[in-house]
Amino acid sequence: MPSSVFDTEPSDLRRLIRFIGRALTAGGDNAAKGPLRRAIPLLAIPMVLEMAMESLFALSDVYFVAQLGAPAVAAVGMTESIIAIVYAVAFGLAMPTGAMVARRIGEGDPEGASRTAVQAVWLALLVGGLLACSVFLAPQLLALMGAQADVMAAGRGFMEISLLGSPFITLLFVHGAVFRGAGDPRRAMRAMWLANGLNILLDPCLIFGWGPFPDLGVSGAAVATLVGRGCGVLYQLVHLWRGPLIALAQQTRVQLSVMGRIALLSIGAAVQHLVEIGSWIALVRVVADLGSAHLAAYTITVRLAMFFLMPAWGFSNATATLVGQSLGARDPSRAERAVWLSGFYASPFLFAVTLLFTLFPTTLAAGFSNDPEVVQAAQGGLYALAFGYVFYGWQMVTQQALNGAGDTQSPAVINIGCFWVLQIPLAYSLAIPAELGIAGVFAAASLSYTVAAVWGVLLVRRGRWKQVEV
C-alpha cells in the first residue's frame with residue numbers, strides 16, 4: 001500500500017491529530033491542491049465524517065422506530081426504498097454539478113464555478129418541488145411495494161412527510177456537491193452534522209412524545225428529518241451566498257444554457273443511480289414476500305452496511321473532486337493516480353468491516369432488535385454481505401472517478417449489467433426457490449458489486465474518461 005499521512009509512528013501522533021484538525025477546521029482554502037497523499041485524506045476525512053453522521057442518524061432512526069415493532073421498521077424500510085428514487089434524482093443533479101464546479105476551479109475560473117452552482121440550485125429546487133407532488137401517491141406506492149395491512153397503517157404518514165421533504169433532499173445533495181467540487185468539503189460536512197444532529201435529537205421526542213412534543217409514532221421520525229434537513233439547507237445557503245470559493249450572490253439570474261448542460265449530464269448520473277436503487281427496490285419486493293420480520297432484518301442489515309461504508313464514500317468523493325480539478329488543470333496523470341491511491345486507502349477499512357460482519361453478525365443484529373426471528377435473518381444477511389465488502393469500495397471509487405470526469409454514461413452501463421441483469425434474478429433465485437432468505441439476497445449483492453468493481457477498474461485503466469469535456 002502506498003505511503004500516506006496515515007502511516008505514522010506513535011511519536012507522530014500529534015502531527016496526525018493536527019492534520020485531522022486541519023482537515024476538519026480549515027476553511028476557504030482548496031483542499032484538493034498539493035501532493036495527492038495529503039490532498040486525498042484532506043478531502044476524504046470531512047467526507048467520511050459527513051457520511052458517518054448520515055449513517056449514524058440512519059442507525060438511530062431504526063433503533064427508535066424498532067421500539068414500535070417490526071411493522072414500523074418494515075414501513076421505514078419500504079418508504080426509504082421509494083425515497084431512494086428521490087436520492088437517485090438528487091445524485092443525478094449533484095454529480096455533474098460537482099464535476100463542472102471542480103473542472104472550472106481547476107481551470108482557474110471561480111466565476112464559471114459560481115455560475116454553474118447557481119443554475120444547479122435553481123434546477124434542484126424545481127426538480128425537488130416536482131418530486132414532492134408524489135405525496136398524493138403514498139398509499140399506492142406502499143401497496144406497490146407489497147405492504148401488508150399493519151405496515152400500511154404504520155407507514156402512510158411516514159411516507160407522505162418524507163415525500164414532502166424532497167426539495168430539501170435535492171438541495172442538500174447539490175449544495176454538498178458544490179462545496180466538494182470547489183475543494184471545501186468541510187462545509188458539506190458541517191451542514192450534514194447540523195441536519196442529522198437535529199434529526200437524532202428530535203427523533204425520540206417526536207416518536208414517543210417526550211416532554212412538550214406530540215406523540216407522532218413512526219411519523220415523528222419523518223418530521224424530525226424534515227426539520228433537520230431544512231436547517232441544513234439554510235446553513236448551506238448562508239455559506240454559499242458569499243463564500244470564498246463559490247459566491248451565489250454574483251450569479252443569481254437563470255441561464256438556460258448552463259442549466260441545460262447540467263440537466264443533460266445529469267441524465268446519465270441519474271440513470272446509474274436509479275438503476276442501482278431500482279435493483280434494491282426490487283430486492284425489497286422479494287424480501288417482502290418473506291414477511292415483516294425478514295423485511296425488518298433487511299432494513300437493519302442495509303443500515304449497518306451503509307454505516308460501515310463511510311470510509312469508501314469519503315475516498316470515492318475525494319476521487320471525484322481530484323479527478324475533476326486535475327483534468328481542469330490539464331493533468332490527467334494526476335487524476336489517474338488519485339483513483340488508485342483512493343482505492344488503496346479505502347481497502348484496509350473495508351477489510352476490517354469484513355472481519356466484523358463475519359465474526360460478530362449476531363451481536364450487531366441484536367443491538368437493533370430483540371426479536372429472535374429478526375436477529376437470525378439479519379445475521380445471515382450480514383454474513384453474506386461481508387464477502388464482497390472490499391470490492392464495494394473499489395466499485396464506488398472507480399464509479400466516482402468516471403463521474404468526476406463527466407463520464408456519467410459508463411457507470412450507468414455497468415449498473416444496468418450488474419444490478420438488473422445479474423443481481424435481481426440471482427437474488428430472487430437464492431432467496432425464494434433456494435430458500436436462503438435475505439442471506440441469498442445479500443449473497444447476490446456481494447457478487448454483483450464485485451463484478452461492478454472489476455468492470456470499473458478496467459474502464460479506468462482504459463483511460464477514455466480523460467478526454468471527456470464538461
Side-chain angles (χ1 to χ4, degrees), residues 82-106 112-134 165-182 188 233 236 240 246 248 251 254-281 313 316-317 319-321 323-325 327-328 396 398-416 419-420 456 459 465 468-470:
I82 296 296
I83 294 298
I85 297 175
V86 180
Y87 287 137
V89 175
F91 175 86
L93 294 172
M95 196 62 253
T97 298
M100 292 174 69
V101 168
R103 191 71 68 95
R104 301 293 86 80
I105 293 294
S114 296
R115 185 164 52 251
T116 297
V118 167
Q119 305 313 308
V121 170
W122 284 123
L123 193 57
L125 189 59
L126 173 63
V127 172
L130 292 174
L131 290 170
C133 295
S134 60
S166 296
F168 292 141
I169 295 174
T170 55
L171 287 170
L172 270 174
F173 269 68
V174 167
H175 292 165
V178 171
F179 284 123
R180 288 187 290 270
V233 167
Q236 290 174 323
L240 281 172
I246 301 293
L248 302 185
Q251 307 280 346
V254 173
Q255 295 183 335
L256 294 179
S257 60
V258 179
M259 189 182 295
R261 180 61 176 162
I262 296 171
L264 183 63
L265 288 172
S266 73
I267 294 173
V271 166
Q272 64 182 263
H273 212 58
L274 281 169
V275 167
E276 185 174 3
I277 293 301
S279 71
W280 285 102
I281 292 175
W313 190 89
S316 66
N317 279 281
T319 304
T321 297
V323 165
Q325 292 199 15
L327 292 179
M396 294 170 70
T398 55
Q399 185 173 79
Q400 287 297 80
L402 297 171
N403 283 323
D407 179 10
T408 58
Q409 293 183 349
S410 295
V413 173
I414 293 175
N415 287 2
I416 291 172
F419 303 134
W420 280 7
L459 287 181
W465 51 277
V468 175
E469 296 291 336
V470 297

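For this chain, numbers begin at 1 and follow the sequence in order.
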- Distance, nearest 0.5 Å, that separates CE of Met396 from CG of Asn403: 11.5 Å
- Message: Can you tell me how far apart CZ (Phe419) and CH2 (Trp280) are? Round to the nearest 0.5 Å.
- Response: 8.5 Å
- Query: Sub-3.5 Å donor-acceptor pair from the side chain of Arg103 to the main-chain atoms of Ala405, do we have one?
  - Reply: yes
- Any sub-3.5 Å donor-acceptor pair from Thr321's side-chain atoms to Arg180's backbone N or O? yes
- Task: Taking the side chain as every heavy atom from C-beta outward, state whether Asn415 and His273 have any atom pair closer than 4.5 Å.
- Result: no
- Task: For Asn317 and Trp313, indicate whether the former's side chain and the latter's backbone hold a donor-acceptor pair under 3.5 Å.
- Result: yes
- Steps toward side-chain contact (heavy atoms from CB on, under 4.5 Å) verdict (Gln272, Met95): CA-CA 11 Å; Gln272 64 182 263; Met95 196 62 253; 5.7 Å; no
- To the nearest 0.5 angstrom, please state how far the CE atom of Met100 sits from the CG atom of Leu265. 6.5 Å
- Message: Checking Val258 against Arg261 for the side-chain contact (heavy atoms from CB on, under 4.5 Å) test, could you report, in this order, the C-alpha distance in whole Å, the side-chain angles of both residues, the deciding distance, and whether it holds?
- Response: CA-CA 5 Å; Val258 179; Arg261 180 61 176 162; 5.6 Å; no
- Message: I'd like to know whether Phe173 forms a side-chain contact (heavy atoms from CB on, under 4.5 Å) with Val89, so could you lay out the CA-CA distance, the side-chain angles of the two residues, the decisive distance to 0.1 Å, and finally the verdict.
- Response: CA-CA 10 Å; Phe173 269 68; Val89 175; over 6 Å; no
- Note on the structure: When every non-hydrogen atom of Ala94 is compared with those of Ala177, the smallest separation belongs to O-CB, 3.2 Å
- Item | Least distance between heavy atoms, Gly128 atom then Thr170 atom | CA-OG1, 3.6 Å
- Item | Pairwise distance CG(Leu240) to CZ(Phe179) - rounded to 0.5 angstrom | 3.5 Å
- Query: Is a side-chain N or O of Ser134 found less than 3.5 angstrom from the main chain of Leu131, in a donor-acceptor match?
  - Reply: yes
- Task: Please confirm whether the backbone N or O of Val275 pairs with a side-chain atom of Trp420, one donor and one acceptor, at under 3.5 Å?
- Result: yes
- Query: For the residue pair Ala99 and Gly404, what are the closest heavy atoms and their distance?
  - Reply: CB-O, 3.6 Å
- Query: Are Leu402 and Thr408 side-chain neighbours, meaning at least one heavy-atom pair lies under 4.5 Å?
  - Reply: no
- Side-chain contact, heavy-atom cut-off 4.5 Å: Val121 with Leu125? no
- Task: Answer yes or no: is there a donor N or O on one side and an acceptor on the other, between the side chain of Gln119 and the main chain of Leu256, under 3.5 Å?
- Result: no
- Counting N and O atoms only, with roles assigned by atom type, does the side chain of Ser266 sit under 3.5 Å from a partner on the main chain of Leu93, one being a donor and the other an acceptor? no
- Can you tell me how far OG1 of Thr398 sits from CG of Leu459, rounded to the nearest 0.5 angstrom? 8.0 Å
- How far apart are the closest heavy atoms of Val101 and Ala113, and which atoms are they? CG2-O, 3.9 Å
- Task: Decide yes or no on side-chain contact (heavy atoms from CB on, under 4.5 Å) for Leu123 and Val174, but give the supporting numbers first.
- Result: CA-CA 9 Å; Leu123 193 57; Val174 167; over 6 Å; no
- Message: Distance check, rounded to the nearest 0.5 Å: Gln236 atom CD versus Leu171 atom CG?
- Response: 8.0 Å
- Task: Locate the shortest heavy-atom distance separating Ala188 from Gly176; write the atom from each residue and the value.
- Result: CB-CA, 3.9 Å
- For the student: nearest non-hydrogen atoms of Ile169 and Ile83, plus distance: CD1-CG2, 3.9 Å
